[in-house]
Amino acid sequence: MEGFNYSRVSEFVLLGLADSPELQILLFVVFSIFYLMTMLGNCLILLTVISSSQFHSPMYFLLSNLSLIDMCLSSFATPKMIMDFFAQRKTISFEGCISQIFFLHLFTGTEIVLLISMSFDRYIAICKPLHYSTIMSQRVCVELVVLSWTVGFLHTMSQLAFILYLPFCGPNVVDSFFCDLPLVIQLACIDIYVLGIFMISTSGVIALVSFLLLLTSYIIVLITIRDYSSTGSSKALSTCTAHFIVVLMFFGPCIFIYVWPFTNFMVDKILSVFYTIFTPFLNPLIYTLRNQEVKRAVKKKLNTQYFSLGKTAPLIPHAMGREFLCEI
């Protein structure tokens, strides 16, 4: 970058989701409710899994980490977006913008690997149940979580290494409610179109390959259980369909935005809402709170908190059968 004498911009202007004051008030109410429910739901899952010995198993360990990531993913930009609904001029510092890009790619990259780890857990539980406890040991689960965060960190650092030293001298308007690589990179004062396409598209390709792996795992699971009772197959089909919808809501926007970068469509803003707000809200509902055992444990914990019940109900033995595992 030597030879460039550009003065770096000190802040970026975010255009947000809407210009109408009435619409901004409506969005403020809606997204505030979604954010509070997301944090509450994921906190309940974390506390329930940590405090209840019946949930000290690989799948709940991975689900609790998913809740943690969802809390992080919904917090890197949503609180600022909610506050910006009442701001006349929505700005973010250069450092704040870079931080949003860092945390966005860290949490999304981590969640992608963790979702693949969860699909691997379900595959082993359903297709190789006799070897489940051996393969999915506590050490393996910890290694999968560490791998998820490591891949997420390496991915986000590769993106930041590309953008951090680019010259930004204006314009400084980002057409979204948070900073993202495809939007910010277009504001650089030099022409990096070809290199930018390559760097950003790698994120889309990673998301696409990961989505295909998840889709394959769901297909294998459904094929494996189709010979069992119709009730179990129906439950598994219903559960896998719900899981697939949430996975599609997370991966679909990522694939669309990053495989075809530098396309300023209004739909990009809407898609960004899905994987930063709606998916963290739906994950605890679809993956965990649909399970009857978890719902009973959550109700028991709430009753303990609000009515100071000193005794707890007997623990339910942790079933490892196919139908139970298909339930979540």
Side-chain angles (χ1 to χ4, degrees), residues 12 14-20 22-46 63-87 90 92 96-97 99-112 114-115 152 156 174-184 203-204 207 210-211 242-258 264-290:
F12 291 95
L14 302 173
L15 295 185
L17 290 174
D19 296 325
S20 169
E22 294 80 10
L23 183 55
Q24 291 194 63
I25 293 175
L26 174 62
L27 292 177
F28 168 80
V29 174
V30 171
F31 289 134
S32 295
I33 294 174
F34 268 96
Y35 179 69
L36 291 174
M37 294 182 67
T38 297
M39 299 303 288
L40 177 61
N42 285 292
C43 277
L44 276 175
I45 291 170
L46 272 174
L63 284 169
S64 63
N65 279 275
L66 179 65
S67 293
L68 176 62
I69 295 174
D70 282 335
M71 292 171 66
C72 296
L73 184 58
S74 63
S75 299
F76 88 95
T78 305
K80 175 171 175 52
M81 177 193 67
I82 291 173
M83 292 187 294
D84 280 347
F85 283 127
F86 295 104
K90 306 172 180 61
I92 184 172
C97 186
S99 297
Q100 284 193 341
I101 295 175
F102 172 82
F103 288 119
L104 170 65
H105 287 270
L106 172 64
F107 299 141
T108 53
T110 303
E111 181 155 337
I112 284 174
L114 188 61
L115 287 172
T156 194
V174 179
D175 189 14
S176 185
F177 61 95
F178 66 91
C179 290
D180 197 2
L181 195 61
L183 299 172
V184 175
S203 297
S210 302
F211 174 74
H243 288 188
F244 183 74
I245 290 173
V246 177
V247 167
L248 184 62
M249 288 179 63
F250 178 77
F251 282 94
C254 294
I255 295 170
F256 183 86
I257 292 173
Y258 289 99
N264 294 321
F265 297 127
M266 179 60 187
V267 70
D268 287 358
K269 288 186 182 182
I270 300 173
L271 291 176
S272 298
V273 172
F274 278 90
Y275 67 85
T276 58
I277 298 175
F278 290 155
T279 301
F281 168 76
L282 289 174
N283 273 345
L285 297 177
I286 297 299
Y287 279 99
T288 310
L289 295 179
R290 293 175 76 247

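Treat the numbers as computed from the prediction; the structure is a model and nothing was measured.
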Hey, what do you get for [atom1] ([X]) to [atom2] ([Y]), rounding to the nearest 0.5 Å?
X	Y	atom1	atom2	value
Phe76	Cys179	CZ	SG	9.5 Å
Ser99	Ile92	OG	CD1	7.5 Å
Leu106	Glu111	CG	CD	11.5 Å
Met249	Leu271	CE	CG	10.0 Å
Asn42	Leu66	CG	CG	7.5 Å
Leu17	Leu27	CG	CG	6.0 Å

Sequence-distant partners of Asp70, side chain to side chain donor-acceptor pair (under 3.5 Å), two or more places apart: Asn283

What's the shortest heavy-atom distance between [X] and [Y], and which atoms?
X	Y	value
Phe177	Leu14	O-CD1, 3.7 Å
Pro280	Thr38	O-CG2, 3.5 Å
Phe250	Thr108	CZ-O, 4.0 Å
Thr156	Phe102	OG1-O, 2.7 Å
Phe178	Leu104	CE1-CD2, 3.6 Å
Cys97	Val184	SG-CG2, 3.7 Å

Is the closest side-chain heavy-atom distance between [X] and [Y] below 4.5 Å?
X	Y	answer
Phe34	Thr78	no
Ile270	Pro253	no
Ile112	Phe251	yes

Between the main-chain N or O of Gly16 and the side-chain N or O of Lys269, is there a donor-acceptor pair closer than 3.5 Å? yes

Leu46 backbone acceptor or donor facing Ser64 side chain under 3.5 Å: no

Salt bridge (charged side-chain N to carboxylate O under 4.0 Å, His left out) partners for Lys80, two or more places apart: Asp84

Side chain to side chain contact (heavy atoms under 4.5 Å, CB included) between Ser74 and Phe281: does it pass, once the steps are laid out? CA-CA 8 Å; Ser74 63; Phe281 168 76; over 6 Å; no

